[in-house]
Each structure stands twice: as C-alpha cells, then as structure tokens.
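One-based numbering along the sequence shown.
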Amino acid sequence: MNTQSTLPTARDKLLFTPGPLTTSLSVKQAMLRDAGSWHFEFNAQVARIREQLLHVAGLPLGEEWVSVLMQGSGSFGVETALTSSVPDNGGLLVLTNGAYGDRIVQMAVAARVPHEVLRFQEHEAVDPAAVDAALAKRPDLTHVALVHCETTTGLLNPLPAIGRVVRERQRVFIVDAMSSFGALPIDFEAVGIDFLISSANKCLEGVPGFSFVICRRERLRECEGRARSHSLDLFGQWRGFEKNGQFRFTPPTHALLAFVQALEEFEEEGGVAARGARYAANAKTLMDGMQALGFRPFLPSQLRSPIITTFHQPADRRFAFDAFYRGLSDRGFIIYPGKLTAVDTFRVGSIGRVFPNDLEQLVHAADRTLRDLGLPVPLPAETAG
C-alpha cells in the first residue's frame with residue numbers, strides 16, 4: 001500500500017470530504033483532451049466503463065446484470081432509479097436515518113411516487129426487524145430504498161441483514177451506495193440488491209459529472225414505460241446504450257475520460273480490498289489524532305464507517321466553526337460542516353487520493369488552529385461536545 005503523502009506535490013488544497021474529493025494528478029491530466037460523443041473510440045471507452053463497473057461489483061458479464069451511466073450527480077442517479085422502477089400501482093418504503101435518506105423522501109414526493117417512510121434517529125442504524133414489520137403490514141409497498149453509508153454522520157447501515165428481510169418479503173431492493181461502492185465489499189446476490197447507485201467522484205476517485213446504476217436486467221426491463229421523467233428514464237438510457245453505445249443526451253466527456261484513468265488506478269491499487277484498507281487506515285489515523293486533541297466522535301465505533309467521521313464541536317465560546325474551517329483551509333486542508341439539525345458537529349472524510357500521512361498532517365493543522373483560537377489542547381472533557 002502506498003503511504004506517501006500527496007501534499008508535497010499537490011497544488012490544490014487536500015479535500016477531506018465525501019466527494020468531490022482529491023484526485024490523482026494522472027486522473028486530472030486525463031481530462032486534458034476533447035472527445036466526440038458520437039465517435040467510435042469514445043463509445044468504446046463508455047462500453048469499457050460499463051463492463052468494468054460490473055467487475056468492480058464482483059458481477060459476471062452476461063445477461064443477468066447491466067450498468068447504466070447517467071449524466072449528473074449521484075442524486076440524479078438515485079432519482080432515476082426510484083422514479084423509473086416503482087410502478088403507479090406499487091409503493092416505496094424509504095428507510096432513513098439522515099439527510100440523504102430524507103432526500104429520497106423528497107424525490108418521492110416531487111415525483112408523486114406512492115411511499116411510506118420508516119424513520120430512525122441520526123445516531124441509530126436502520127433496524128431490520130422494524131423493516132420486516134413495516135413490510136408485513138403493507139403488502140402494497142413493492143420497493144424498498146436504503147442509504148448504505150449515511151454520510152450525514154458516516155453511519156454504516158446493516159445492509160446484509162436488511163437485504164435478507166427485503167428478499168424474504170419478495171420486494172425490490174434499491175440501494176444508495178454512493179459513499180461505499182468501491183471501498184466496502186458488497187455481495188449483490190447475498191444481499192438481494194436489484195438496483196445499486198453510486199457516482200464517479202466517490203470511492204472510485206474520479207471527478208464529478210455522472211452517476212451509474214447497476215441493476216438486474218429483468219428488473220430493468222420492468223421499468224419500461226414507468227419513468228416519470230423523460231431525461232431521468234433508466235430504461236430509455238439503457239436502450240440507447242444497447243442501440244448505438246451512446247448517451248441519449250450530451251455526455252460529460254471529460255469526466256468519463258478521467259474515470260477510465262481512475263478505474264485503472266483502482267485496479268492497480270488492488271481493487272475494493274486494497275482501497276478499503278487504505279481508507280480504514282486513514283480513518284484510524286484521523287480518529288486517533290482527533291481524540292488525542294480532545295475531539296469527541298458523534299457515533300459509537302460499531303456504527304462508524306471508514307468513509308467520513310462526524311465530530312462534536314467543542315462547547316467553548318472561543319470555538320467557531322467558520323474560524324476553525326478557515327484556519328484549516330489556510331493550512332491546505334478542506335473539511336465539511338456538520339449536517340445534523342439538533343447537534344453542532346463537523347465532518348472529516350477519509351476517502352480520495354489521500355493517505356495516512358495526510359491525515360496526520362490534518363490533525364497537526366487542527367492542533368495549531370485550536371491554539372490560534374485560544375483553546376487548550378487537548379480540549380477538556382467538559383467542553384468536548
């Protein structure tokens with residue numbers, strides 16, 4: 001595993017976010033050329049991406065599984081899958097314990113998709129038993145949607161256990177794996193996934209511009225005529241690829257070229273296992289360092305993912321997040337504000353082209369910034385949040 005820091009050679013500030021994230025120089029350089037969206041060489045690259053995504057997912061090429069690329073951010077891909085798959089006479093059970101699960105609810109409302117919401121607190125995982133009870137009461141709920149890694153907090157929901165319930169209840173399972181695909185192992189068959197959505201600028205370390213849906217072909221065929229949007233039509237997009245290998249509308253050519261390079265680097269690193277191990281090492285370095293400074297994590301260890309970590313803001317009048325953020329930024333590090341409504345927090349990502357030494361330097365910058373704000377280091381336990 002490469003443990004060399006990217007900071008000495010990077011011209012940009014390092015991004016400790018859940019995406020967009022820091023990318024390699026070679027991924028950036030791959031965008032420095034133009035491509036014709038109808039040209040056969042470009043279409044061959046698109047076909048290669050679609051095949052490689054199945055490989056990353058551990059799925060065989062053939063008739064059972066397909067991948068469909070969609071222009072836009074990850075939310076575009078999630079909305080495409082939701083609004084294209086649930087029939088008018090069906091219903092969607094949305095499992096939510098954070099802002100991104102709530103976003104799925106908003107999508108369902110906007111598209112007038114019949115739905116029910118099973119809500120959990122932001123500090124607790126989705127309970128498979130509660131899911132089973134909800135499905136038992138509502139046979140009209142034909143589809144279930146779950147965010148695997150809820151990046152509101154970094155919480156990792158129990159995907160295999162929930163998947164078993166959905167499969168036993170014979171429902172269609174839609175998984176938002178935006179922040180987990182490519183770094184955490186996901187057994188599609190064992191979990192019973194029908195549609196999985198992620199995007200280029202997450203754990204595969206590409207740049208923003210498109211999302212993708214990996215789905216069972218039989219479920220995809222059921223989507224014909226169901227789409228509630230012309231542009232966000234999953235079946236229509238797939239049929240376009242099958243017809244001539246092209247996007248229906250203008251593709252993000254530069255982002256796709258970057259993704260070809262990103263996938264090569266993903267394989268060179270060692271795939272899901274190696275990338276996940278690096279992110280886990282990053283997360284441990286971050287946690288050890290931040291706790292040594294007195295910061296307290298929002299989630300208990302058994303619920304935390306290695307993707308992003310939420311920390312309480314210190315309960316000290318001298319601490320202001322904006323000042324803390326700017327202090328880190330001035331030292332070359334970008335973090336994320338909190339997304340919780342009832343608790344003051346901030347978030348630090350562990351993904352992207354960063355290594356444990358980069359996280360050590362981030363912790364050192366946090367130490368210096370706290371001192372600049374006049375705060376004691378380590379923070380006293382009574383002010384840790």
Side-chain angles (χ1 to χ4, degrees), residues 1-8 10 13-19 21-24 98 122-123 125 148-159 177-186 202-205 265-266 269-314 324 328 331-336 338-339 345-370 377-379 381 384-385:
M1 181 177 70
N2 186 354
T3 58
Q4 183 179 359
S5 168
T6 56
L7 188 59
K13 296 177 181 180
L14 292 182
L15 303 180
F16 295 94
T17 66
L21 37 71
T22 294
T23 56
S24 69
E122 292 168 321
H123 62 273
H148 183 199
C149 179
E150 179 52 80
T151 51
T152 303
T153 57
L155 187 150
L156 194 64
N157 281 308
L159 179 61
M178 211 62 57
S179 298
S180 58
F181 182 76
L184 302 179
I186 299 174
K202 299 290 186 176
C203 297
L204 295 177
E205 299 185 5
E265 294 176 10
F266 175 81
E269 185 171 2
V272 173
R275 184 144 297 177
R278 171 159 63 88
Y279 290 170
N282 288 347
K284 183 179 186 306
T285 301
L286 171 69
M287 183 60 63
D288 290 348
M290 294 295 277
Q291 287 187 309
L293 296 182
F295 286 103
R296 186 164 68 88
F298 175 74
L299 293 174
S301 58
Q302 66 270 22
L303 295 181
R304 291 197 298 263
S305 72
I307 305 302
I308 192 167
T309 305
T310 296
F311 293 96
H312 287 274
Q313 291 187 23
F324 183 67
L328 293 179
R331 290 175 167 88
F333 305 94
I334 303 296
I335 63 171
Y336 254 30
K339 211 171 178 65
T345 59
F346 63 91
R347 297 177 293 164
V348 184
S350 307
I351 65 177
R353 200 66 180 173
V354 293
F355 301 87
N357 188 46
D358 297 312
L359 277 298
E360 290 176 1
Q361 295 183 56
L362 170 65
V363 171
H364 178 70
D367 182 327
R368 302 311 306 169
T369 301
L370 288 175
V377 180
L379 297 164

**Q** Looking at every heavy atom in both H312 and P297, which two are closest together, and how far apart are they?
**A** CD2-O, 3.7 Å
**Q** Which heavy atom of K339 sits nearest a heavy atom of T345, and at what distance?
**A** N-OG1, 4.2 Å
**Q** CZ/F311 to CZ/R296 distance, rounded to the nearest 0.5 angstrom?
**A** 11.5 Å
**Q** Mind listing the side-chain donor-acceptor pairs of residues 299-309 below 3.5 Å, one per line with the distance, residues two or more places apart or on another chain?
**A**
from : atom 1 : to   : atom 2 : distance (Å)
R304 : NH1    : L299 : O      : 2.6
S305 : OG     : G154 : O      : 2.8
S305 : OG     : I307 : N      : 3.2

**Q** Please test L204 against F181 for side chain to side chain contact (heavy atoms under 4.5 Å, CB included), starting from the C-alpha separation and ending with a verdict.
**A** CA-CA 8 Å; L204 295 177; F181 182 76; 4.1 Å; yes
**Q** Measure the CG-NZ distance between L21 and K202 for me, rounded to the nearest 0.5 Å.
**A** 7.5 Å
**Q** Might you point out which heavy atoms bring T22 and L15 nearest each other, and give the distance in Å?
**A** OG1-N, 2.8 Å
**Q** Rounded to the nearest 0.5 Å, what separates atom OG1 in T152 from atom NE2 in H123?
**A** 14.0 Å
**Q** Residues in side chain to side chain donor-acceptor pair (under 3.5 Å) with Q313, at least two apart?
**A** none
**Q** How long is the gap from CG on L159 to SG on C149, to the nearest 0.5 Å?
**A** 11.0 Å
**Q** Which residues pass the ring-ring contact (aromatic ring centres under 6.0 Å, His included) test with Y336, not counting sequence neighbours?
**A** none
**Q** Supply the atom-to-atom distance Q361 CD to F333 CZ, rounded to the nearest 0.5 angstrom.
**A** 5.0 Å
**Q** In chain order, what residues pass the side chain to side chain donor-acceptor pair (under 3.5 Å) check against T310, with sequence neighbours excluded?
**A** none
**Q** Tell me which one of L328, L362, T17 satisfies side chain to side chain contact (heavy atoms under 4.5 Å, CB included) with V348.
**A** L362
**Q** Which heavy atom of G352 sits nearest to which heavy atom of Y279, and what is that distance?
**A** N-OH, 3.3 Å
**Q** Of all residues at least two apart in sequence or in a different chain, which pass the side chain to side chain donor-acceptor pair (under 3.5 Å) check with N157?
**A** N97
**Q** If you take all heavy atoms of G349 and L359, which pair is closest and at what distance?
**A** O-CD1, 4.4 Å
**Q** Once rounded to the nearest 0.5 Å, what's the spacing between atom OG1 of T369 and atom NE2 of H364?
**A** 9.5 Å
**Q** Considering residues at least two apart in sequence or located in another chain, which fulfil the side chain to side chain donor-acceptor pair (under 3.5 Å) criterion with T23?
**A** K28
**Q** What pairs with E122 under salt bridge (charged side-chain N to carboxylate O under 4.0 Å, His left out), at least two apart in sequence or on another chain?
**A** none
**Q** Once salt bridge (charged side-chain N to carboxylate O under 4.0 Å, His left out) is applied, do any residues pair with R275, and if so which ones, sequence neighbours excluded?
**A** E205, E269
**Q** Taking only residues two or more places apart in sequence or in another chain, which ones pass ring-ring contact (aromatic ring centres under 6.0 Å, His included) with F295?
**A** F324, F346
**Q** Identify the two heavy atoms, one from P185 and one from V272, that lie closest to each other, and give their separation to 0.1 Å.
**A** N-CG1, 3.9 Å
**Q** What pairs of donor and acceptor atoms, side-chain ones from residues 282-290 against any protein atom, are under 3.5 angstrom apart with sequence neighbours left out?
**A**
from : atom 1 : to   : atom 2 : distance (Å)
N282 : ND2    : S350 : O      : 2.9
N282 : ND2    : V354 : O      : 3.1
K284 : NZ     : D288 : OD2    : 2.7
T285 : OG1    : A281 : O      : 2.9

